[in-house]
Amino acid sequence: MWNYTQAVHDHFLHPHNAGPLEDANAIGEVGSIACGDALKLYLKISDQGLIENAGFETFGCASAIASSSVLTDMIKGKTVDDALKLTNRDIAGALGGLPKEKMHCSVMGQEALEAAIRQWKGEPPVPHALEEGRLVCKCFGVTDAQIIRAVGENGLKTLEEVTHYTKAGGACGDCRDEISQILATEFRQKPLTELKPVPRLTNVQRMQQVIKIIDEEIRPQLAADGGDIELVDVDGHRVMVGLRGRCSQCRSSDVTIRNLVEKLLREHVEPDLVVEEIQHEHRLF
Amino acid sequence: MNTVYFDNNATTAVAPEVLEAMLPYLRDFYGNSSSMHTFGGQVAFALAEARSRVAALLGADPGEIIFTSCGTESDSTAICSALQTQPEKRHLITTRVEHPAILNAAQYWERQGYRVTCLDVDARGRLDQDEYLRALTDDTALVSIMFANNEVGNIYPIQRMAEAARERGVLFHTDAVQAVGKTPIDLSHMPVDMLSLSGHKIHAPKGIGVLYARRGVRFRPFLRGGHQERGRRAGTENVPYIVGLGMAAELARQRLQEERIEVARLRDKLEQGIVARVPDCMVNGDAENRLPNTTNIAFKNVEGEAILLMLDRLGICASSGSACTSGSLEPSHVLRAIGVPFTYAHGSVRLSLSRYTTEKEVDYVIEHLPGVIEKLRAISPYKK
């Protein structure tokens, strides 16, 4: 039994804006009956780009119907540009969350909205399966572009999460290796700042990551000014460093510690790290 | 709101007689049957009676009944025993429509280097007997074929298939979890070597099962330890549950002939009532050879989880082989094996009855289910 929120139940049992819209001038269709869910979204968009009305027809489970219903509520009265800013997370959020296995229902809503607006703008319709990119999951017609986007927007880390959000890899499983490769590539390419901090690091992990960030991010910046940094110790969330070279003489070393060292370590390693400067004479050993 | 329970293939209500029979062994007679004192030793008589009752239901000898914790344990024990007693044989035969208790175990042995043949089924879920005969080889350690399918209710020709295995000198096991108590099984005339059953499918509680192992068939225990079950299944006997299962078996034996006719009548009324009132639906499985209590109906262009949740609001308990109910993304392996068209597969609903199902409940479902389908079809983008 799924643990659905009251909002999911309400929207499923009493969907808002259900049914086709007679005077729709934009229609977005995603999914297929073979895939197990499909959404046809109808929009009435004014010449000024305001979504005046919305309707939907959905084949699918309770979360698919609820996602469609809440989406129509969210976009009515919005401009096309504002509507395009909605992500699948916004849709799931408006329902008070969806079980992770059902997140693909919110993705379907987002894709239908984009397809409808593309049609209104006169851009070529991009059906689900034929979106730009290479077809990865043949069972559900999911491309690498769709997977990369879901990974980026939702911070997905595992193959299982990719399947929950895009359905890719959820049937025959032939593409699972390929999805894992996409995930690995995405992680390598992503700028470090986009990676979410990993919660609850072990001491060893914390130390390794601190060393890595100091070596790869911090030291090169200090070196540009003729300075250097030495990691003295890591004790719990306290990171003790010594500034070397020109930095050790610098009167604004405190600012360097706060604005550069601590900021970068907090961003990349853990948000609650505290960096302390250790002077030579106070060395611990 | 009353609960209208049409999910008896998932689990059944504990019969009042079963509960009554169990209570003294939970409350008063807590002794261990292995003890030397009278207080403990007396429960051995209750165990013996339960064993005889289960044996009587199956046409078996009490010495061939091994109590286990569940159907899955019985299945795993049967497979492991067959493979361990014949280490030179490296082949297993089963079907694509088995319960996961068999399918996943078979897949495990496949990863260990065994060859596994999964027999295919036709559009009504029937096995191809010629394919089966061709699959039997001198290397085959075990055939394991379900007596009846849990999702669509098909009954398989176990008599014939067991005879063919016997002729080739191959051990034959059947997972009869869904069949026991619903269709007659007489092991005195059926060359089945091992059979699994589960208490909670026949109005005993969850947590008790049986493995029947024919006398003379070589056996290796799955759980090793004490001498219980004559060394074939270690662990202190679950006395109250064994007593309960004994009572459930006795009730099933006494009432089977009568109940299967009455339950089938209600099932047919339900099925015909729905099919007559809902356009574009079809019955899955083999209508001529199936359990009297099961119907599996597929509704075109609607999705099963949505149907179940709407039925749930009406107090109706059913189940579905749709993808979304299980968290997987594909319809059940049984519906896929049968090849139910995808316009229907996602909208499959199983309704399973029991001796406690009433005419009023059947009428209630016939009255309300068509409206649910209509409501969902109204918002489906697929109309025809």
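Each chain gets a letter, A, B and so on, in the order its sequence line appears, and its residues count up from 1. Quick caveat, the model's predicted, so the values are computed rather than measured.
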Report the residue from A:Glu29, A:Glu22, A:Glu57 that forms a side chain to side chain donor-acceptor pair (under 3.5 Å) with A:Tyr42.
A:Glu57
Max heavy-atom pairs within cutoff under 4.5 Å with chain A, candidates B:Ile307, B:Leu376, B:Asp312, B:Thr343, goes to B:Thr343
Under a 4.5 Å heavy-atom cutoff, which of A:Leu13, A:Thr163, A:Leu39, A:Ile65 has the most pairs with chain B?
A:Leu13
A:Asn25 side chain vs A:Ile45 backbone, donor-acceptor pair below 3.5 Å
yes
Report yes or no: does B:Glu271 contribute a side-chain atom to a donor-acceptor pair with the main-chain N or O of B:Val283 at less than 3.5 Å?
no
If I measure from the heavy atoms of chain A, does B:Lys383 come under 4.5 Å with its side chain, its backbone, both, or neither?
side chain
Contacting region of B:Arg377 [heavy-atom separation from chain A under 4.5 Å]:
neither
Decide side-chain contact (heavy atoms from CB on, under 4.5 Å) for B:Ile366 and B:Val362; before the verdict, give the C-alpha distance in whole Å, the side-chain angles of both, and the deciding distance to 0.1 Å.
CA-CA 6 Å; B:Ile366 294 174; B:Val362 168; 3.8 Å; yes
